[in-house]
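A short worksheet on the structure shown next.
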Amino acid sequence: MERGEEEQNQTRIPKKRIKLQEIVEKGEEDRISGLPDCLLLEILSRLPSTVGAIRTGTLSKRWNHLWTLLPTLIFKEIDDNLLWSNYIMFVDQTLAQCSGLKLKKFLVSVTYDTQSESRIKTWIRYAINRNVEELNLALWNYEAGVGFLLDQFFFINSCFTKLTLRGCILDTTGAIGWKNLRSLCICFAYLDEDLIENILSGSPVLETLVLRYCHGYRHLDITSKSVKNLVFHGYNMLPDALSNIIEINAPNILSLTIQGNLMSWKLLLVNVSSLVEANLDYTKIRQYKITHEEEMLKGFIVKLRHVKELKIGVLCSEVLSCLEAKGFIFPSNMKFPVVIHDDWLESDDSVESGNRDLLLHDHCPKDDEVNLLSML
């Protein structure tokens with residue numbers, strides 16, 4: 001390789017990988033080559049995306065094709081900084097060259113059009129055929145504006161241990177069979193009571209359930225003895241707001257978190273008798289009378305007096321102040337939030353963190369797309 005080409009490759013390597021590059025330049029490549037494959041694969045698996053793992057092939061011959069054995073594949077369209085048309089091709093070519101027997105984790109976060117929907121279904125089937133344990137899907141159809149319809153074979157796989165589904169349609173015609181699933185997170189989906197019951201009955205070892213801005217149910221009935229952690233993160237409002245009352249009945253859970261924007265008029269706790277800890281950190285987009293907020297929070301506190309630790313967020317703390325002024329005595333198990341001053345948010349670190357996606361999007365020159373595809 002000519003020196004000019006080496007310098008060009010160096011400019012494409014993100015700063016986070018400079019230390020590894022320096023080791024190679026100092027003639028210490030043998031130290032890297034001497035590491036066992038299992039350790040090198042563990043290092044590559046910890047990179048934020050598979051694109052980064054592929055690029056390490058430019059640092060050492062020892063790493064050149066090691067990424068094809070990765071047990072973790074992560075494809076994030078915005079972080080990988082590829083044009084959408086090239087991104088579909090990149091994922092196709094990457095999966096075609098991967099030769100590992102089993103997948104520990106498979107993540108896809110991508111916007112798509114109707115024409116490429118079949119390609120994404122092929123990716124999901126690929127992961128399931130490799131007995132993926134942790135599957136994370138974030139899929140957005142920018143043309144139709146609807147969710148991604150999962151195939152029926154998706155619901156009868158015992159390989160899953162952790163599922164995160166964003167923008168997916170769960171429309172199953174039969175019984176769900178997720179026999180080894182321990183953690184389930186569903187975001188922005190329609191769920192009715194029958195579907196929730198189907199999920200719980202088909203997931204006998206499920207321990208953690210996260211529902212994020214889902215809708216369609218009025219009664220969240222979790223009587224499964226295996227589910228110990230419940231996160232209720234927001235609820236999409238129905239047209240009839242006054243009758244939009246959600247009830248949670250979960251007598252066996254040990255931990256409950258209520259957060260996000262509660263667009264429903266009221267959230268009631270029916271039975272949470274086994275709770276050990278609870279976290280109330282919700283906000284509300286719709287402005288109801290303060291008496292509504294007070295009534296709901298008071299109902300929470302009454303139901304949660306027995307828990308060992310009760311944490312509350314900023315909004316709940318403000319509502320509690322109104323209750324206290326009216327003579328309400330809060331329990332001793334309550335922990336108040338730590339207020340973060342505005343000047344902390346003006347630091348360089350927070351600004352950099354807040355614009356992470358923007359910085360990543362502008363980080364690499366567009367000709368990296370061609371170079372990356374040529375490395376496959």
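Residues take their numbers from the sequence shown, with the count starting at 1. Any value given below was found using the heavy atoms of this structure, including those in side chains, with hydrogens, waters and symmetry copies removed.
- Rounding to the nearest 0.5 Å gives a distance of 4.5 Å between SG of Cys98 and OH of Tyr126.
- Follow the hydrophobic side-chain contacts under 4.5 Å out from Leu315 and you reach Tyr235 in the same cluster.
- Heavy atoms only, all atoms of each residue included: Arg125 and Asp151 are closest at NH2-OD2, 4.4 Å.
- Separation of the Tyr112 and Tyr87 ring centroids does not fall under the 6.0 Å cut-off.
- Nearest heavy-atom pair, Ser45 versus Leu70, reported as atom, atom and distance to 0.1 Å: OG-CD2, 3.6 Å.
- A continuous path of ILVMFWY side-chain contacts below 4.5 Å connects Ile120 to Phe153, so both sit in one hydrophobic cluster.
- Residues Val319 and Glu295 form no side-chain contact, since every pair of their non-hydrogen atoms from C-beta on lies 4.5 Å or further apart.
- Evaluation of the ring-ring contact (aromatic ring centres under 6.0 Å, His included) rule for Phe300 yields Tyr282 as partners, not counting sequence neighbours.
- The closest side-chain heavy-atom distance from Pro204 to Ser226 is not below 4.5 Å.
- Leu195 and Leu209 fall within the same hydrophobic cluster, where Ile, Leu, Val, Met, Phe, Trp and Tyr residues are linked whenever their side-chain heavy atoms come under 4.5 Å apart, directly or through other members.
- With sequence neighbours excluded, the residues satisfying salt bridge (charged side-chain N to carboxylate O under 4.0 Å, His left out) with Arg119 are Asp92.
- Aromatic pair Tyr213/His233: centroids less than 6.0 angstrom apart.
- Partner of Ile186 under the side chain to side chain contact (heavy atoms under 4.5 Å, CB included) criterion, chosen from Leu170, Leu163, Thr164, Val210: Leu170.
- Side-chain contact between Ile253 and Asn229: absent, with no pair of heavy atoms (C-beta onward) separated by less than 4.5 Å.
- For Lys308, there are no salt bridge (charged side-chain N to carboxylate O under 4.0 Å, His left out) partners at least two apart in sequence or on another chain.
- How far CE of Met296 is from CG of Leu280: 9.0 Å, rounded to the nearest 0.5 Å.
- Among Ile169, Leu137, Leu139, the one residue that satisfies the side chain to side chain contact (heavy atoms under 4.5 Å, CB included) test with Leu150 is Leu137.
- Classified by interplanar angle (parallel below 30°, tilted 30° to 60°, perpendicular above 60°), the ring pair Phe90/Phe75 is perpendicular.
- Thr257 and Asn279 are not linked by any side-chain donor-acceptor pair at a separation below 3.5 angstrom, with hydrogens and angles left out of the test.
- Side chains of Gln152 and Thr173: a donor on one and an acceptor on the other come within 3.5 Å.
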Go through the steps for Glu77 and Thr111 under the test side-chain hydrogen bond (donor to acceptor under 3.5 Å, both in side chains), then give the verdict.
CA-CA 8 Å; Glu77 181 183 14; Thr111 56; 3.0 Å; yes
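- Residues Ile222 and Leu200 are in side-chain contact: their nearest non-hydrogen atoms beyond the backbone lie under 4.5 Å apart.
- Residues Glu193 and Glu197 are not in side-chain contact: their nearest non-hydrogen atoms beyond the backbone lie 4.5 Å or more apart.
- More than 12 heavy atoms of other residues, nucleotides or ligands shown are found within 6.0 angstrom of CZ on Arg305.
- Taking CG from Leu262 and CD from Glu293, the interatomic distance works out to 8.5 Å, rounded to the nearest 0.5 Å.
- Salt bridge Arg182/Glu207: present, at least one basic N to carboxylate O contact under 4.0 Å.
- In this structure, the side chains of Val270 and Ile248 stay at 4.5 Å or more apart for every pair of heavy atoms.
- Proximity of the aromatic rings of Tyr217 and Tyr190 is defined here by a centroid distance below 6.0 angstrom, and this criterion is not met.
- Considering only residues two or more places apart in sequence or on other chains, Val307 meets the side chain to side chain contact (heavy atoms under 4.5 Å, CB included) condition with Leu275, Leu304, Leu310, Asn333.
- Within a 6.0 Å radius of NZ in Lys225, other residues, nucleotides and ligands contribute 12 heavy atoms or fewer.
- A distance of 5.0 Å separates CG of Leu297 from SG of Cys316, quoted to the nearest 0.5 Å.
- Lys228 NZ: more than 12 foreign heavy atoms inside a 6.0 Å radius.
- Between Phe232 and Ile246, the shortest heavy-atom contact is CE1-CG2, 4.3 Å.
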Apply the test side-chain hydrogen bond (donor to acceptor under 3.5 Å, both in side chains) to residues His219 and Glu247: give CA-CA distance (whole Å), side-chain angles for both, the deciding distance (0.1 Å), then the verdict.
CA-CA 5 Å; His219 306 280; Glu247 295 182 344; 2.9 Å; yes
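- For the residue pair Ser274 / Asn252, no side-chain donor-acceptor distance below 3.5 Å is found, with atom types taken as modelled.
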Applying ring-ring contact (aromatic ring centres under 6.0 Å, His included) to Phe160 and Phe154, what does each step give before you reach the verdict?
CA-CA 10 Å; Phe160 301 142; Phe154 185 90; 5.2 Å; yes
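- Residue Ile54 holds its CD1 atom at 8.5 Å from OG of Ser49, rounded to the nearest 0.5 Å.
- Of all heavy-atom pairs spanning Arg166 and Asn136, the tightest one is NH1-OD1, 3.0 Å.
- Under the salt bridge (Lys or Arg N to Asp or Glu O under 4.0 Å) criterion, no residue pair touches residues 253-263, with sequence neighbours excluded.
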Walk me through it: do Thr283 and Asn261 pass the test side-chain hydrogen bond (donor to acceptor under 3.5 Å, both in side chains)?
CA-CA 5 Å; Thr283 59; Asn261 296 317; 2.3 Å; yes
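- Considering all non-hydrogen atoms of both residues, Ile74 and Leu47 come closest at CD1-O, 4.1 Å.
- Taking hydrophobic clusters as Ile, Leu, Val, Met, Phe, Trp and Tyr residues chained together by side-chain heavy-atom distances below 4.5 Å, Leu181 shares a cluster with Ile128.
- Salt bridge Lys311/Asp281: absent, no basic N to carboxylate O contact under 4.0 Å.
- At least one side-chain heavy atom of Thr172 sits less than 4.5 Å from a side-chain heavy atom of Asn198.
- Side-chain contact between Lys76 and Leu107 is present, with at least one heavy-atom pair separated by less than 4.5 Å.
- Using a 4.5 Å cut-off between side-chain heavy atoms of Ile, Leu, Val, Met, Phe, Trp and Tyr, with links allowed through other members, Leu95 and Leu44 fall into the same hydrophobic cluster.
- For Leu101, the CG atom is loosely surrounded, since the number of other residues' heavy atoms within 6.0 Å does not exceed 12.
- Pairing each heavy atom of Val110 with each of Trp123, the nearest pair is CG1-CZ3, 4.4 Å.
- Listed by chain and number, the residues in a salt bridge (charged side-chain N to carboxylate O under 4.0 Å, His left out) with Glu324 amount to none (sequence neighbours excluded).
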Which is it for Leu320 and Ser317 under the side-chain contact (heavy atoms from CB on, under 4.5 Å) test, yes or no, and what are the steps along the way?
CA-CA 5 Å; Leu320 191 62; Ser317 180; 5.6 Å; no
